[in-house]
> 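Pasting a structure below so you can have a look.
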Number of protein chains: 4
Amino acid sequence: MKTTERGSIRYPTAGRSDRMRALVFLGAGKFRWEERPLPAIEEQTDAVVRITATTICGTDLHILKGDVPTVEPGRVLGHEGVGVVVRTGASVRTLKTGDRVLVSCISSCALCAFCRRGMPSQCEARGGWVLGHRIDGTQADYVRIPYADSSLHRVPEGASDSELALLSDIFPTAYECGVLNGGVKPGDAVLIVGAGPIGLAAVVTAQLLSPARIIVVDTDGARLSAALSLGATDAIVATAGDAARRIHALTRGRGVDVAIEAVGVPETFGLCQDAVAAGGSIANVGVHGRPVELKLDKLWSRNIRLTTRLVDTVSIPMLLEAAAAGRLAPGRLVTHRYRLDQIAEAYRVFERAASHKAIKVLLTAGERDH
Amino acid sequence: MKTTERGSIRYPTAGRSDRMRALVFLGAGKFRWEERPLPAIEEQTDAVVRITATTICGTDLHILKGDVPTVEPGRVLGHEGVGVVVRTGASVRTLKTGDRVLVSCISSCALCAFCRRGMPSQCEARGGWVLGHRIDGTQADYVRIPYADSSLHRVPEGASDSELALLSDIFPTAYECGVLNGGVKPGDAVLIVGAGPIGLAAVVTAQLLSPARIIVVDTDGARLSAALSLGATDAIVATAGDAARRIHALTRGRGVDVAIEAVGVPETFGLCQDAVAAGGSIANVGVHGRPVELKLDKLWSRNIRLTTRLVDTVSIPMLLEAAAAGRLAPGRLVTHRYRLDQIAEAYRVFERAASHKAIKVLLTAGERDH
Amino acid sequence: MKTTERGSIRYPTAGRSDRMRALVFLGAGKFRWEERPLPAIEEQTDAVVRITATTICGTDLHILKGDVPTVEPGRVLGHEGVGVVVRTGASVRTLKTGDRVLVSCISSCALCAFCRRGMPSQCEARGGWVLGHRIDGTQADYVRIPYADSSLHRVPEGASDSELALLSDIFPTAYECGVLNGGVKPGDAVLIVGAGPIGLAAVVTAQLLSPARIIVVDTDGARLSAALSLGATDAIVATAGDAARRIHALTRGRGVDVAIEAVGVPETFGLCQDAVAAGGSIANVGVHGRPVELKLDKLWSRNIRLTTRLVDTVSIPMLLEAAAAGRLAPGRLVTHRYRLDQIAEAYRVFERAASHKAIKVLLTAGERDH
Amino acid sequence: MKTTERGSIRYPTAGRSDRMRALVFLGAGKFRWEERPLPAIEEQTDAVVRITATTICGTDLHILKGDVPTVEPGRVLGHEGVGVVVRTGASVRTLKTGDRVLVSCISSCALCAFCRRGMPSQCEARGGWVLGHRIDGTQADYVRIPYADSSLHRVPEGASDSELALLSDIFPTAYECGVLNGGVKPGDAVLIVGAGPIGLAAVVTAQLLSPARIIVVDTDGARLSAALSLGATDAIVATAGDAARRIHALTRGRGVDVAIEAVGVPETFGLCQDAVAAGGSIANVGVHGRPVELKLDKLWSRNIRLTTRLVDTVSIPMLLEAAAAGRLAPGRLVTHRYRLDQIAEAYRVFERAASHKAIKVLLTAGERDH
């Protein structure tokens, strides 16, 4: 693609190359890496970002399966990424072309009552989770970001660029919905059910608060090994069938102070209920497709706190600092790396993550990366 | 009953009157007001209290129905009351005979990890809910209180004696499990489902934190009238079938910031889930006999907090002060008053509370009251 | 002044009446109500508001005395007010001409790290306290408001218009810097030193959290009477010289849980230190012109929390709701009312507040008010 | 000393060896290691502990200088230590002879309003800081501990015995008064002024909450080296005279989120005021002998929180777990080790700590240790 320089920013020339490539959802089970028009500024609060790295989320797989009816065919997928600002709308105040930025998976209008409370996941304007959902997303050469001032984060010096794509969604999700909502504190016994990308990011971010014990349950031995190498103290193979009993044995019969549910099915939610200590908390992170059973007959008198949350990404500034200081090393979760134009292949690997021992797949813009 | 004075305290003489009367559970559906031996100091941390006022709790009715299998026939019922200390064990440090005290429905050993965290409901020693449950209770002339130093509260000057019996259980339950766990704060919209004694105590104690709106739902018009007279801003007859819709209409479509469940059945718990706003909380107070459905498919992304709690009664000192200052007026919930020896009749009225328009039944020790 | 209608909004015609009147600071001790050009949109985030009511703050008197060197001669004073939006910059998203609004005394850029934390008082952009300080203020027919979307609050239906001007500054200041920072909770003993407008607003807003006792200290009997009529439980004349002793007598020798300093001189700050109980807090609200003595030799071991804060006005939405619901009645603090063009006279009265028994002086736009 | 076995516990025989040795304060500047009667159970809540390890606190040096007038000549010093329970009063419920215990420097009655709030430092009974102060302390073969149930902590398996003596006082003091009161959280910039034993324990325990930066200021290069080896990120020699400027340079001009004062003189308290960022906190840990200047003229509008606290030791159970898990390694602060009967020599070294490069001096009971 031929480009012309605007300052230090390469942007396709309008005459000949007003097109880019993007991963487009075409209906259940179908997608294609294809040409699309370059995104334009639609609202004066928008910015356009050239993507230098992105990744694929489990949610993208759900969309592909047709499980997310609010995503219409023709949509460019992706809600994670890092890149460079190439255009800004007239109202954008804090960003300029050339700024290296992390894309938040949640867009924030910054002004509604929810955004003011630090809860942009529930934005009453046109924010919330919209990228790769209600508007085109980040698995493309370029993406339009609404409310750019409050939905992009400048990357601090010293942070490795491409791996920061894991801070768009999975790290803040694990930290906010799991670790913070669960109230992890020094000395706690923490259970994390599910060692997928989110569960593993919970293993990493829980350590910011120094629990005494981090017990991870999964069905996949490779993922449990990854959990242990990332700092979990105990790994339990869920198929053993007696996970709750073993958790109690590891905690002197008390149960865990915090149970983080990172799968999203009734069985794993049930395990959290069986494992939590009196006075403890259950932090739901998993995306649930159906109601679950809540054992209130047992829990009503046990002083339990249960939380749900769609990530608000308010922790991204702190996580960026931690990454820049070398304390987070999000790249440890990346098992596979591709060029962005190989994303179709990357999807096929990620769809069969277990057989490929894939945790997180990173896509970078190849020769055009910084 | 002939008594002799010990200091200013009348206690039956050992020779002739070593017996008292008590309401004794005799198995499902059966109880009797009968003679029993006077309670003795069994542990050096015990005190014996002469009851001057007590009341009947909904839990007592559940026991009578046989729904609480941990209560054995022969048990004296009751976990609420005020009275006068008549004997203290050798280790009791802060109380002496003659002290006027409020009995906490929860006994606290003060030393286990849970009691130190302010969570004696989960006491790991022999505290927790034991009165009228695992040991003899307060619906009697005298009661033995374990861990007296940390399970009795001296009554401040100026507080009306007998009505304070409502501070043994229902007021701290409503306040701790409902109002505090729900996080009620100034300006909030609060929903209280169930206008029984606990729900009405929640109406009263929620006002300590100045919510803008207190919406009460019940099936009983008389109870709704009571709620309105106690300070609720809106009353909804549950049988209308469209309670959730009406709650949203009252809150500009947002739902309530705090939903307090004070019934204990799946339907009312479901209403709380339908009525809660994004970012809000559900505080369960009801005693549930079976699991409920949790609509995680809807709530997983709505930033909800759900809490359960058996009352810890840590708020009793504050509530006693508020009552002494005239700000609580717990007697407003008392609809029927009897002498203690009329308790069998009181039970019969309370068992058919709706037809008697009974909220709380107060029993006082007659001529021996202060 | 001749006006033309734009929709329902009257705005002076550009040709003949491009001028307004305003209260202009002319250097220490000098001010004048004079003609000025109408304010224009300077930044696209600005709005212009026609003032319907404003008031005079103690800070304005400090400016007049020359005590605030950052205010330059020629500045229009005033940082409180209600009015109607008459023009909006191109980036303004949530407001339109005709909206009735409350002006926050603190402007918020909504985007800097401090504004995102809910601390716009420390705004790193051009917000913070700027109105009537670094830019022209609200004691005028019209005022330009920067960052209008996040610095104006729509007035809810049912709230009395002009009295809401007290919610621009003194009510959120009293509530945030005093009541919330002090951590007032049900049952507390609260001390408020200083019964000026802020201290009296603290008396009112502290009651939202149901302290058992509100003790007010001042030198002025009329102000103490006002405090008692607004809900204080005890009033102490500071000149008695033994205020600390009397406060301890009122609190069984314990001292107060929360001491709110609302004067700003070393003596009153010292009284707060003498009066606070172990484990209590001192919330400084007063504007201090010099350092004070902190008795760390006595306080180091007493588990005290001391806070300072410039109001962030994040509580304005809640206070507006409370006012609309009739729970705040801010007008109770208004002792004198004038037309806006009588503001020079109002200043003269407010400068000698004690002799006029003035608490808060309200100025309304006369025939042009709604 | 000849002993007889009682179970597995050696206790001197009553007939011949009813005496022990102890470090006795004899008035300003004078002390002696001398024979004393064995402590007896005085209250039924007491226990007697045989000391296996103890240490010397900076406070002990202050006492020796005569700076603590509440300590009378004849007092056995010391408020830190680990040991074995050898006798228990009749009311002691949770401990038995032979239990290995950590002595809390704060005794807790467990029942007063302060102890119930988790604030035994302010105990209204005969607890608080009494050991080695108002009653005989731990620098002895045996010590009587009042309120033993709530003032001793059983040592978990796997924890190194003697080094745990540092958990009696300095670790909980650093953590509670500094780290927790300061509100340290992930990503924060933390300043610790003073790298004595408490300051260094703050360096260690702050890391439980993963601040991004820990800046330590001291005048002593050896202590700064120790700080860096324990995990501080930056060390500043206080004598440079421009500490505040350098702290701002390290924090992009913002200042620190949390400033922990661990010296106790006006200069270091002043540095904390100069270094704290808007919205930050100052946690005072130092013992101050005189008032300090509080720069309210600068801080009144900067949203600062300042805390004071005498340690409550409520964090000891968590710290014991962390130590048992190998995460605390308190022994890293021990620079000198002696037998208990060499304590006079140890005092002489600790009195000239700088020239001996002494941080913490550990005394163990020699052949009688486990």
> Considering only heavy atoms, which portion of Asn181(C) lies under 4.5 Å from any heavy atom of chain D: side chain, backbone, both, or neither?
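No part of it gets close to chain D.
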> Taking Glu80(C) for the side chain and Leu166(C) for the main chain, is one N or O donor matched with an acceptor at less than 3.5 Å?
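No: the side chain of Glu80(C) does not pair with the backbone of Leu166(C).
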> So which part of Gln122(D) gets closer than 4.5 Å to some heavy atom of chain C, the side chain, the backbone, both or neither?
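Contact with chain C is through the side chain of Gln122(D) alone.
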> Quick one: which of Val287(C), Asp312(C), Leu294(C), Val311(C) has the most heavy-atom pairs under 4.5 Å with chain D, could you say?
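Highest number of heavy-atom pairs under 4.5 Å: Leu294(C).
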> So, the side chain of Asn284(D) versus the backbone of Gly286(D): is there a donor-acceptor pair under 3.5 Å, distance only?
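Checking the backbone N and O of Gly286(D) against the side chain of Asn284(D), a donor-acceptor pair under 3.5 Å is found.
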> Under a 3.5 Å cutoff, is there a donor and acceptor pairing between the side chains of His133(C) and Thr70(C)?
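Per modelled atom types, His133(C) and Thr70(C) side chains form a pair under 3.5 Å.
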> Which bit of Arg305(C) comes within less than 4.5 Å of chain D, counting heavy atoms only: side chain, backbone, both or neither?
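Both backbone and side chain.
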> Should Lys185(C) and Asp257(C) count as an ion pair when the cut-off is N to O under 4.0 Å?
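No, Lys185(C) and Asp257(C) are not salt-bridged.
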> I'd like to know which of Lys295(D), Arg117(D), Lys298(D) tops the heavy-atom pair count under 4.5 Å against chain C.
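Answer, by heavy-atom pair count under 4.5 Å with chain C: Arg117(D).
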> For the pair Arg213(C) and Asp188(C), find out whether any cationic side-chain nitrogen is under 4.0 Å from an anionic carboxylate oxygen.
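Not counted as a salt bridge, because no side-chain N and carboxylate O are separated by less than 4.0 Å.
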> With chain C, which of Val285(D), Ile282(D), Leu299(D) has the greatest number of heavy-atom pairs at distances under 4.5 Å?
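Between Val285(D), Ile282(D), Leu299(D), the count favours Leu299(D).
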